[in-house]
There are 2 protein chains.
Amino acid sequence: MEKTGKPTINDVARIAGVSKKTVSRVINRSPLLNQDTRARVEAVIAELGYVPNVQARALALRHNFLLGLIHDNPNAQMVMNVQAGILEAIRDTEFELIVRPIDRGSSTMLADVRAFLERQRLYGVLILPPVSENDMLADVCNDLGTRYVRMGSTALDAPEHMVASNDSDVVVEAVNHLISLGHSRIGLIAGPHGFRSARERRKGFEQALSEAGIKLPRSLIADGNYTFESGLAAADRLLDLSPRPTAIFASNDEMAAATLHAARRRGMSVPEDLSIIGFDDTAIASHIWPPMTTVHWPIISMGRSAALKLLADFFGDDQAVEEPSLFPSTLIHRASVAPPRAGS
Amino acid sequence: MEKTGKPTINDVARIAGVSKKTVSRVINRSPLLNQDTRARVEAVIAELGYVPNVQARALALRHNFLLGLIHDNPNAQMVMNVQAGILEAIRDTEFELIVRPIDRGSSTMLADVRAFLERQRLYGVLILPPVSENDMLADVCNDLGTRYVRMGSTALDAPEHMVASNDSDVVVEAVNHLISLGHSRIGLIAGPHGFRSARERRKGFEQALSEAGIKLPRSLIADGNYTFESGLAAADRLLDLSPRPTAIFASNDEMAAATLHAARRRGMSVPEDLSIIGFDDTAIASHIWPPMTTVHWPIISMGRSAALKLLADFFGDDQAVEEPSLFPSTLIHRASVAPPRAGS
DNA sequence: TTGTACGCGTTATCAT
DNA sequence: ATGATAACGCGTACAA
């Protein structure tokens, strides 16, 4: 014991006058343990300041006390928010978070993830959209026996493996809001085709217009890919139209900010000349001028909940955390929306 | 071997007809090895698809193949950028990144970090500002024999432990730019007192004015704490002055964006009525309207370099990565700066 | 240059 | 309810 300075399970066992295994049982909260023995061992543990060696446990248990965050995401703020939620969930536990960005486009992506999971033997992984939409990734996890939870804009998996929002519903609400204000020429800046979230948001957009009996010419839909630059180009395309749309729904905040940017660049006033609604409620939405109406996506809560789902069987029945799987998004009203100008 | 399906070092040794130790030497690139033996073992490794078990290595070596990122940072974008740099550095290595936010204000902070390092036995840690300015944290690392690299706005430690920028110099340049345009009533939105970066930026600000012979009334300095909200309050204080400043330097982009926000809220035009310069060159600086002149802080490069410094003795002489310790920031000219209005 | 025996600190098996 | 002993997979003396 004196060699490294750190007490081991052997030291605890010797001093407490029990076997290693008994100490191990105390650590792992084994139910079949005499109360007195447990108390005695715990006293020694406290006295020695003994802390189990995680590397040794990992070797014996064949898994680490680590959670993985797998993502391939264009939106830094979103990744940060998810991280914040996860870290909140594992605060004061022995778990840590390891971040693993991957390249969705790479042909070796699945093999890379598999190698990563095999090597690190994580307790479980959280998978962010858009790569969370790839079912083959979930297959790899199942194959390797790695717990996983996917995050997404709609349910893609069983509740224990999924934390989802209801993108299309809330977009219907957002567009209805524009319609109720008198808008009828409403443009959409869509997200990239491969993204389920992009499809869901577009679906909600089209549904709202259709339910209101408004015809949607193809020209009012401009494709973007969730980046600011693509939003700029898409907004320019929309604003070059004649007549111009009086309102634009952008599929994320970044592109909504770009729309505002494009409008101001050509001297238009927002919301007087153009109403804009974004999606995500990232920091930029409330920081730009005018503050932007957007959809709040409860991403921090989703991250926390996803982590708790992953840890559910670790906590056991103690907490019985029945984490929800659906997190409704909500429309945040700010200053980028107004009725259309008379006669426009 | 057939039990878990995964080949171990023993399998490789048996099939290659050598001892475990020899295989171990191959894995660890031991120089004293017969070339033939090495080739033979490597062939078996490839054939079996053998991958060393990191948990077992961690136990034997007493350290993991993990890098830690310790931070207590108000700026999400900055943390993301550092992460991006680090992850770029460890891509294609066996290292992974584990993220550890801490509470700078907590009285148990040092003890928490110590416990974290003792438990995880990381290969090394990167420490972000502002907590990187705390020398006691470095002491803890030294004490535990954990490699560390600190990031900061000025050199705080030996080169092998430090990656720094030159905040005060570049702020001098930024303010000189304003002065050369004819500004003389220039306001400062300072960062929080505890931050070295805040002090450095303020130092540069005061130095530039002093060198130009411009007197700086105390009222032209408003305190902020790097958040958008604090920037809003500080900007309002400055803009309530009479006469008003014709230009404002904000110690980070978040507060610069808030300054723009505050100016527009009261109907002012930027840059016509007010020039603004920020610091960080985060995404918001180029996304808002008008695009904001700011200081580009090469944070991604710094993150990458910091990680490479940490891994220097792992790579050994192979790469001999003499990573730089100083990363000069540069002024990015955009559209939020113009000469003051005549007569103002 | 290569092999043997043992240590790293924990959990699992199977007794009692 | 508790203990002796064998894994877990790899690295290191030290010997050969």
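So that the names make sense, note that chain A is the first sequence line, chain B the second, and so on, each numbered from 1. Computation of the quantities below employed the complete heavy-atom set of this structure, encompassing side-chain atoms and omitting hydrogens, waters and symmetry-equivalent molecules. The structure displayed is predicted, hence computed values, not measured ones.
- Across the protein-nucleic acid pair, A/L59 atom CG and C/dG9 atom P stand 12 Å apart, rounded to whole Å.
- B/R150 has a carboxylate O that lies under 4.0 Å from a charged side-chain N of B/D135, or vice versa, which qualifies the two as a salt bridge.
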What one-letter contact string describes nucleotides 10-16 of chain C from 5' to 3', where B marks a base within less than 4.0 Å of any protein heavy atom, S marks contact via sugar-phosphate atoms alone, and - marks no contact?
-> BBB----
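- At least one side-chain nitrogen or oxygen of A/T37 sits closer than 4.0 Å to the OP1 or OP2 atom of D/dT2.
- Straight-line distance from the CG atom of A/N34 to the C1' atom of D/dA1: 7 Å, rounded to whole Å.
- For the pair B/E160 and B/K309, the salt-bridge criterion is not met [side-chain N within less than 4.0 Å of a carboxylate O].
- Taking only side-chain nitrogens and oxygens, B/T22 comes nearer than 4.0 Å to OP1 or OP2 of C/dG3.
- Sorted by first then second residue, the salt bridge (charged side-chain N to carboxylate O under 4.0 Å, His left out) pairs that include residues 39-51 of chain B, not counting sequence neighbours, number zero.
- Taking a cutoff of 4.0 Å between a charged side-chain nitrogen and a carboxylate oxygen, A/D11 and A/K6 do not qualify as a salt bridge.
- Here A/E88 pairs with A/R304 in a salt bridge; the nearest charged N to carboxylate O distance falls below 4.0 Å.
- The separation between B/E118 atom CD and C/dG9 atom P is 13 Å, rounded to whole Å.
- Under the rule for a side-chain hydrogen bond (donor to acceptor under 3.5 Å, both in side chains), B/E133 has no partner lying at least two apart in sequence or in another chain.
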